[in-house]
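Working notes for the structure below.
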There are 2 protein chains.
Amino acid sequence: MDDQSRARCEQLATIMKALGHPTRAFIVMELAEGSRCVCELTDMIGADTSTVSKHLTVLKNAGLVQSEKEGLMVHYSLTTPCLLKFYSCVEDLVRKDMEEKQKLLQN
Amino acid sequence: MDDQSRARCEQLATIMKALGHPTRAFIVMELAEGSRCVCELTDMIGADTSTVSKHLTVLKNAGLVQSEKEGLMVHYSLTTPCLLKFYSCVEDLVRKDMEEKQKLLQN
DNA sequence: TCACTATTTGGCTATATTGCCAAATAGGAG
DNA sequence: CTCCTATTTGGCAATATAGCCAAATAGTGA
């Protein structure tokens, strides 16, 4: 594995890792509907504000979301709608996996 | 967040988490070229065999790869080519992010 | 200025992940 | 059976992550 390949893998892994938490997955799906402020997300998630804020920081550091300040509130939004195709692809995968398991159970 | 939504997020996060490690990202890209046995991957990665084996287990538990035994060797392959579209989408994102940073540096 | 709200940051503990070594398991060849 | 190779598993120490609380920061309005 050369340096370039290594760098590429690390970049991909960083993004995937950022998406690899249920709360952050939820945030991404919610932001796909439109921008939300931290307090809205916090209400929906039901965790401490600081916890939600930290999850948002992780997503931001990975370049997946961006934030904009407006008065007291900070609005977060997806940097790209690409993430959605992304999720639908993963869910196809999950579906396929479930079907496999069903088949195995029937045999 | 209702139970169904929570379950969906956990499923997505499990898969993303499995992809969220440089070595596993490499494995997925390598398997996209064709099936590989553990020893081939170990040579390329340059880590302990047991380490590589455990990474493969993580990918397998997430339903991303499958294994087939042939003699002494175990051949791993992707369960779905969908993962590739997936990565190209992420890399578009990375590229976009880089361009943004370039722009910011220039201003 | 003071009080109030929204958000971020620091610090802490609990938990999870990683990677190595050693040992166990499984199959092939003599 | 014995030796050898490929792979997996168990165990351990180092590191990373998550979530809460408390405190700091920032903006709003009286």
Side-chain angles (χ1 to χ4, degrees), chain A residues 1 6 9-31 34-78, chain B residues 1 6-7 9-28 30-31 34-78:
Chain A
M1 187 163 31
R6 196 180 306 273
C9 290
E10 276 176 20
Q11 222 165 20
L12 283 168
T14 299
I15 292 179
M16 294 302 190
K17 195 156 53 171
L19 295 169
H21 189 285
T23 299
R24 294 195 291 267
F26 174 81
I27 291 173
V28 168
M29 290 194 296
E30 189 58 34
L31 294 186
S35 97
R36 301 278 186 273
C37 71
V38 182
C39 53
E40 286 175 308
L41 292 169
T42 300
D43 284 346
M44 292 185 259
I45 291 164
D48 197 88
T49 316
S50 67
T51 301
V52 175
S53 176
K54 280 175 182 172
H55 280 305
L56 286 164
T57 302
V58 172
L59 289 170
K60 195 175 179 182
N61 287 339
L64 301 174
V65 306
Q66 58 203 171
S67 62
E68 197 181 359
K69 193 150 201 175
E70 189 190 323
L72 277 178
M73 308 209 259
V74 179
H75 295 277
Y76 280 84
S77 55
L78 295 186
Chain B
M1 187 162 31
R6 197 180 305 272
C9 290
E10 275 176 19
Q11 222 165 19
L12 283 167
T14 299
I15 293 180
M16 295 302 190
K17 195 156 54 172
L19 295 169
H21 188 284
T23 299
R24 294 195 292 267
F26 175 81
I27 290 172
V28 168
E30 190 57 34
L31 294 185
S35 97
R36 300 279 187 272
C37 70
V38 182
C39 53
E40 286 175 308
L41 293 170
T42 300
D43 284 346
M44 290 185 260
I45 292 164
D48 196 89
T49 316
S50 66
T51 300
V52 175
S53 177
K54 279 176 183 172
H55 280 306
L56 286 163
T57 302
V58 172
L59 289 170
K60 195 175 180 182
N61 287 339
L64 301 174
V65 306
Q66 57 203 169
S67 62
E68 197 181 358
K69 193 150 200 175
E70 190 189 325
L72 277 178
M73 307 208 260
V74 179
H75 295 279
Y76 280 84
S77 56
L78 294 187

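Being a predicted model, the structure only gives us computed values, none of them experimental. Per chain, numbering begins at 1; letters A, B, ... match sequence-line order.
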Shortest non-hydrogen separation from A/Ala47 to A/Thr42 and the atoms involved: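 Answer, listing the atom of A/Ala47 first, then A/Thr42: O-CG2, 3.3 Å.
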Under 4.0 Å from any atom of DNA chain C, heavy atoms only: list the residues of residues 45-56 of chain A that qualify, in numerical order.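 Result for residues 45-56 of chain A: A/Thr49, A/Ser50, A/Ser53, A/Lys54, sorted by number.
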Using a strict heavy-atom distance below 4.0 Å, which residues from residues 65-75 of chain A are in contact with DNA chain C?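 A/Leu72, A/Met73, A/Val74 - these, ordered by number, are the residues of the stretch whose heavy atoms sit under 4.0 Å from the strand.
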With a 4.5 Å limit on heavy-atom distance, are the side chains of [X] and [Y] in contact?
X       : Y       : value
B/Leu56 : B/Leu41 : yes
A/Glu68 : A/Ser77 : no
B/Leu19 : A/Leu19 : no

Describe the nucleic acid contact of B/Lys60 in one word from base, sugar-phosphate, nothing, applying a heavy-atom distance below 4.0 Å.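 Contact class for B/Lys60: none.
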Spacing of CG belonging to B/Leu59 relative to CG belonging to B/Leu31, to within rounding of 0.5 Å: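 Going from the CG atom of B/Leu59 to the CG atom of B/Leu31 covers 8.0 Å.
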For chain B, the stretch of DNA chain D it reaches, first to last nucleotide, under 4.0 Å of its heavy atoms: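 Contacts span D/dT5 to D/dG11, reading 5' to 3'.
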From CG of B/Leu41 over to P of C/dG19, roughly how many Å is that when rounded to an integer?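 One finds 15 Å between P of C/dG19 and CG of B/Leu41, rounded.
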Find which nucleotide of DNA chain C each of B/Lys17 and A/Tyr76 is nearest to by heavy atoms, and output the residue with the more 5' nucleotide.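 That would be A/Tyr76.
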What residues form a ring pair (Phe, Tyr, Trp, His ring centres under 6.0 Å) with B/His75, not counting sequence neighbours?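 By the ring pair (Phe, Tyr, Trp, His ring centres under 6.0 Å) rule, B/His75 matches no residue at all.
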Please collect all side-chain hydrogen bond (donor to acceptor under 3.5 Å, both in side chains) contacts where either partner lies in residues 20-31 of chain A, sequence neighbours excluded, each pair once.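 For residues 20-31 of chain A, and leaving out neighbouring residues, the side-chain hydrogen bond (donor to acceptor under 3.5 Å, both in side chains) pairs sorted by first residue read A/Arg24-A/His55, A/Glu30-A/Arg36.
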Test of understanding: with side-chain hydrogen bond (donor to acceptor under 3.5 Å, both in side chains), list the residues that count as partners of A/Lys69, not counting sequence neighbours.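 side-chain hydrogen bond (donor to acceptor under 3.5 Å, both in side chains) list for A/Lys69, sorted by chain: empty.
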Verdict with reasoning, A/Thr14 to A/Asn61, per side-chain contact (heavy atoms from CB on, under 4.5 Å): CA-CA 9 Å; A/Thr14 299; A/Asn61 287 339; over 6 Å; no
Between the side chain of A/Glu40 and the main-chain N/O of A/Cys37, is any donor-acceptor distance below 3.5 Å?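 Looks like yes, one N/O pair under 3.5 Å.
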